Amino acid sequence: MKVFSDIVSLREELSSLKNMNYKIGLVPTMGYLHEGHISLIRTSKGENDITVLSIYVNPTQFALDEDLDNYPTDLENDKKVAKEAGADIIFIPCNEIMYSNNHLTYVTVDNLTNNLCGKSRPTHFNGVTTIVTKLFNIVQPDKAYFGQKDAQQAIIIKKMVNDLNIPIKIIECPIVREKDGLAMSSRNAYLNKNERNKATILYKSLQYAKSLIIKGERNAHKITSNIANMITKESGVNIDYINVVDVNTLEDISILKGNILIAIAVKLGDTRLIDNIRLEVQ
Ligand code: PAF
């Protein structure tokens with residue numbers, strides 16, 4: 001496994017691999033790797049000749065009052081985990097390399113960024129689409145891999161790639177969960193024992209919502225209020241949003257039909273957690 005921190009030498013390496021017609025998969029991450037990231041690396045490994053993992057905590061996707069300064073990092077462990085999972089190349093740039101002092105260009109996806117996390121984090125997705133575009137331009141992979149835990153992010157990136165004719169196939173990979181259902185996230189590291197126990201309510205409430213839908217419930221308000229009732233019973237878990245949206249538009253729906261996403265964001269102490277399930281409803 002080779003580690004690069006500058007763009008010129010990474011591009012040199014990649015261009016000689018591309019000359020040999022190697023297929024390149026990119027797994028963009030902010031590091032502090034967990035099983036969710038490992039599953040992205042493994043999926044890329046199965047579909048490409050070379051898997052590039054990027055590790056970069058992107059400042060433009062954090063608002064000033066968010067956790068940029070405390071975001072968990074452990075580069076040494078990440079390198080070990082990435083190697084074991086089968087990554088061939090890791091790209092670990094610093095801020096000076098990714099953003100010049102005079103960086104003026106941002107990529108914006110309209111509409112899809114207005115609801116869910118975009119509502120509570122209005123600058124977040126501009127940062128994500130900008131850095132992902134930069135990583136796409138630097139690596140120029142054939143495919144790029146994103147987890148479905150960040151469902152809105154994956155949907156926005158797919159739209160961006162389509163709208164801007166970026167010749168990269170976006171592969172969405174299923175959420176990887178702890179044994180008790182908690183979706184894997186680097187931010188789980190912030191949780192103390194008590195918060196960690198309470199965090200299971202996200203998946204439990206989503207599973208309960210699913211059982212109601214299986215029994216025939218089609219009213220979105222009934223679904224969100226049942227989830228809210230379950231979550232508010234856990235003291236200290238504060239709801240940011242619970243929405244039932246259409247997967248294509250990410251707009252709220254009132255009657256469940258077609259491809260839907262039930263998405264939740266809560267704050268547990270200072271930690272923001274998100275989770276979701278996708279369902280096809282007749
Ligand atoms: O999902 C993430 O970890 C980040 O949003 C991403 C896609 C690596 C961009 O910084």
Side-chain angles (χ1 to χ4, degrees), residues 23-30 36-37 39-40 43-44 47-48 52-54 56 58-63 66 98-99 103-176 183 185 220 240-254 256-265 272 274-281:
K23 295 281 171 234
I24 313 281
L26 171 66
V27 180
T29 78
M30 300 204 298
H37 299 116
S39 89
L40 301 179
T43 309
S44 168
E47 299 183 352
N48 301 282
V52 180
L53 174 82
S54 65
Y56 178 60
N58 169 41
T60 64
Q61 69 190 75
F62 290 80
E66 291 181 351
M98 292 311 276
Y99 292 103
H103 185 95
L104 298 176
T105 309
Y106 292 86
V107 179
T108 304
V109 175
D110 285 336
N111 296 10
L112 296 177
T113 48
N114 293 342
N115 203 3
L116 309 176
C117 288
K119 210 174 227 167
S120 20
R121 306 182 71 193
T123 57
H124 172 67
F125 287 114
N126 251 11
V128 170
T129 43
T130 301
I131 196 67
V132 168
T133 302
K134 285 166 72 71
L135 290 166
F136 284 177
N137 285 333
I138 292 166
V139 176
Q140 300 186 11
D142 297 280
K143 294 183 180 178
Y145 295 80
F146 295 88
Q148 283 183 334
K149 185 180 75 74
D150 298 300
Q152 186 173 19
Q153 167 172 283
I155 290 165
I156 289 168
I157 289 168
K158 275 190 163 173
K159 181 71 179 138
M160 173 185 88
V161 160
N162 196 53
D163 285 354
L164 298 181
N165 310 95
I166 300 176
I168 297 172
K169 189 160 191 239
I170 304 302
I171 311 289
E172 285 180 76
C173 300
I175 298 176
V176 179
S185 163
D240 176 2
Y241 65 74
I242 303 168
N243 290 50
V244 182
V245 298
D246 180 288
V247 164
N248 296 312
T249 61
L250 295 182
E251 280 169 14
D252 292 349
I253 52 174
S254 47
L256 278 68
K257 196 170 167 41
N259 279 320
I260 63 139
L261 176 78
I262 308 178
I264 303 183
R272 191 167 185 281
I274 58 173
D275 201 350
N276 68 78
I277 51 169
R278 253 184 235 199
L279 296 168
E280 161 112 50
V281 182

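A quick note: this is a predicted structure, and the numbers were derived from the prediction, not measured.
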[Y] side chain reached by [X] side chain, heavy atoms, under 4.5 Å:
X: Ser54; Y: Val27; result: no
X: Phe136; Y: Ile157; result: yes
X: Met160; Y: Thr133; result: yes
X: Thr123; Y: Arg121; result: no
X: Val244; Y: Leu256; result: yes
X: Cys117; Y: Ile274; result: yes
X: Asn126; Y: Thr113; result: no
X: His37; Y: Val176; result: no

Side chain [X], main chain [Y], donor-acceptor under 3.5 Å:
X: Asn115; Y: Leu250; value: yes
X: Asn243; Y: Val245; value: no
X: Asn58; Y: Gly127; value: yes
X: Asp163; Y: Val109; value: no
X: Ser44; Y: Leu40; value: no
X: Asp246; Y: Thr249; value: yes

Angle between ring planes, Tyr99 versus Tyr56, binned at 30° and 60°: parallel, tilted or perpendicular?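 The arrangement is tilted - the two ring planes meet at 30° to 60°.
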
Might you point out which heavy atoms bring Ser39 and Gly36 nearest each other, and give the distance in Å?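 Scanning both residues completely, I find the closest heavy atoms to be OG-O, 3.0 Å.
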
Under 4.0 Å between a Lys/Arg side-chain N and an Asp/Glu carboxylate O for Glu47 and Lys23?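 Salt bridge between Glu47 and Lys23, a charged N being under 4.0 Å from a carboxylate O: no.
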
What residues, two or more places apart in sequence or in another chain, satisfy side-chain hydrogen bond (donor to acceptor under 3.5 Å, both in side chains) together with Thr105?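 Thr105 satisfies side-chain hydrogen bond (donor to acceptor under 3.5 Å, both in side chains) with no residue once adjacent residues are dropped.
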
